[in-house]
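Structure record follows, encoded as structure tokens.
Since the structure is predicted, the reported quantities are computational estimates derived from the model, not experimental observations. Letters A, B, ... are given to chains in the order of the sequence lines, protein chains preceding strands, and every chain is numbered from 1.
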Amino acid sequence: DAKTTQPTSMDCAEGRAANLPCNHSTISGNEYVYWYRQIHSQGPQYIIHGLKNNETNEMASLIITEDRKSSTLILPHATLRDTAVYYCIVRVANAGGTSYGKLTFGQGTILTVHP
Amino acid sequence: DTGVSQDPRHKITKRGQNVTFRCDPISEHNRLYWYRQTLGQGPEFLTYFQNEAQLEKSRLLSDRFSAERPKGSFSTLEIQRTEQGDSAMYLCASSPTESGNTIYFGEGSWLTVV
């Protein structure tokens with residue numbers, strides 16, 4: 001699986017957008033980009049994933065560059081409860097285009113949302 | 001949908017004792033994963049099952065560790081002759097095999113070896 005690089009930590013003011021970058025310059029054409037977060041002492045929580053196109057759900061938006069070598073997770077209106085470690089992970093897809101297999105976590109980005 | 005359930009949530013044991021953790025995946029999820037997480041680190045993959053078959057094991061899974069999923073539903077992770085280095089959070093996760101193959105995690109089982 002391709003490796004990812006994320007900043008160690010970031011700050012964000014409550015109510016503002018949080019933009020979390022991720023570099024995955026060695027990503028392969030059949031690898032998805034996944035984002036999870038982990039609030040202290042809890043299990044990782046799935047946020048969003050994408051292959052080539054930008055994606056949006058009720059939690060966040062995922063912007064993937066055209067060359068797929070980097071992506072940005074956007075939390076549009078950060079709250080104090082969004083303070084967590086955010087993990088960017090690339091995950092291989094099978095021949096049918098469905099992502100499968102284990103997730104390989106890095107160190108992630110510690111996002112602190114302050115009042 | 002009740003989510004991935006793990007039991008016990010916390011376990012304190014003396015060095016040398018055996019411990020067992022149970023995981024109940026999301027209903028009808030065919031794949032089940034075990035991860036370990038130590039303080040300050042991201043989760044590390046241990047093993048995963050497709051139904052009852054154990055398909056991959058990490059080098060982290062030493063001979064003292066054994067995982068089973070006998071009927072393709074719940075799974076157990078047993079650690080024999082625990083060592084202080086085994087202190088960690090043990091995470092279970094599950095996923096379907098259809099499209100949208102997202103992995104969902106449980107809340108984890110904390111192990112402290114004293």
Side-chain angles (χ1 to χ4, degrees), chain A residues 1-9 20 22 24 30-51 53 55 57-60 62 73 84-111, chain B residues 1-7 9-10 21 23-26 29-50 54-61 67 88-112:
Chain A
D1 293 346
K3 291 183 66 174
T4 63
T5 304
Q6 299 178 251
T8 302
S9 62
L20 290 89
C22 179
H24 30 79
N30 66 341
E31 287 180 317
Y32 282 78
V33 179
Y34 275 76
W35 283 83
Y36 282 77
R37 73 180 182 184
Q38 191 171 26
I39 297 170
H40 182 62
S41 299
Q42 298 182 19
Q45 177 189 23
Y46 166 76
I47 301 173
I48 199 167
H49 73 280
L51 184 63
N53 300 321
E55 303 287 344
N57 63 20
E58 65 278 5
M59 288 183 68
L62 173 60
L73 178 74
V85 180
Y86 287 77
Y87 296 100
C88 169
I89 303 164
V90 292
R91 185 181 182 211
V92 68
N94 60 20
T98 301
S99 57
Y100 82 112
K102 64 182 183 288
L103 298 167
T104 302
F105 289 81
Q107 296 298 311
T109 295
I110 301 171
L111 174 68
Chain B
D1 189 349
T2 57
V4 178
S5 177
Q6 295 189 243
D7 182 71
R9 294 293 316 281
H10 301 273
F21 299 109
C23 172
D24 288 273
I26 293 172
H29 276 195
N30 295 333
R31 291 196 178 137
L32 186 147
Y33 305 79
W34 285 101
Y35 283 76
R36 181 178 72 182
Q37 187 173 23
T38 53
L39 285 175
Q41 302 297 316
E44 298 171 294
F45 170 78
L46 291 179
T47 187
Y48 95 91
F49 293 83
Q50 169 86 16
Q54 190 172 16
L55 297 186
E56 186 175 350
K57 292 194 289 186
S58 161
R59 288 173 296 175
L60 295 174
L61 212 65
M89 179 165 66
Y90 292 86
L91 290 158
C92 179
S94 70
S95 70
T97 53
E98 295 77 19
S99 60
N101 194 6
T102 299
I103 296 177
Y104 297 94
F105 285 82
E107 291 302 312
S109 293
W110 283 96
L111 173 65
T112 301

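Of the atoms belonging to A/Gln38, it is side-chain heavy atoms, and not backbone ones, that fall under 4.5 Å from chain B. If you measure heavy-atom distances from B/Leu91 to chain A, the contacts under 4.5 Å come from the side chain alone. Proximity to chain A (any heavy atom under 4.5 Å) is shown, for B/Gln50, by neither the backbone nor the side chain. Proximity to chain A is limited to the side chain of B/Glu56, based on heavy atoms less than 4.5 angstrom apart.
Within the model, atoms CD1 of A/Ile48 and OG1 of B/Thr102 stand 10.5 Å from one another, a figure rounded to the nearest 0.5 Å. The NE2 atom of B/His10 lies 8.0 Å from the OG atom of A/Ser41; values are rounded to the nearest 0.5 Å.
Proximity of B/Pro43 to A/Tyr87: side-chain heavy atoms (C-beta onward) are separated by under 4.5 Å at one or more points.
A cation-pi geometry, defined here as NZ or CZ lying under 6.0 Å from the six-membered ring centre and within 45° of its normal, does not hold between A/Lys102 and B/Tyr48.
By the side chain to side chain donor-acceptor pair (under 3.5 Å) test, B/Trp34 pairs with B/Ser75, sequence neighbours left out. In terms of the side chain to side chain donor-acceptor pair (under 3.5 Å) criterion, B/Glu44 has no residue partners (sequence neighbours excluded).
The nearest pair of heavy atoms linking A/Leu103 to B/Phe105 is CD1-CE1, 4.0 Å.
Counting non-hydrogen atoms of neighbouring residues, nucleotides and ligands closer than 6.0 angstrom, the CD1 atom of A/Ile110 reaches no more than 12 such neighbours.
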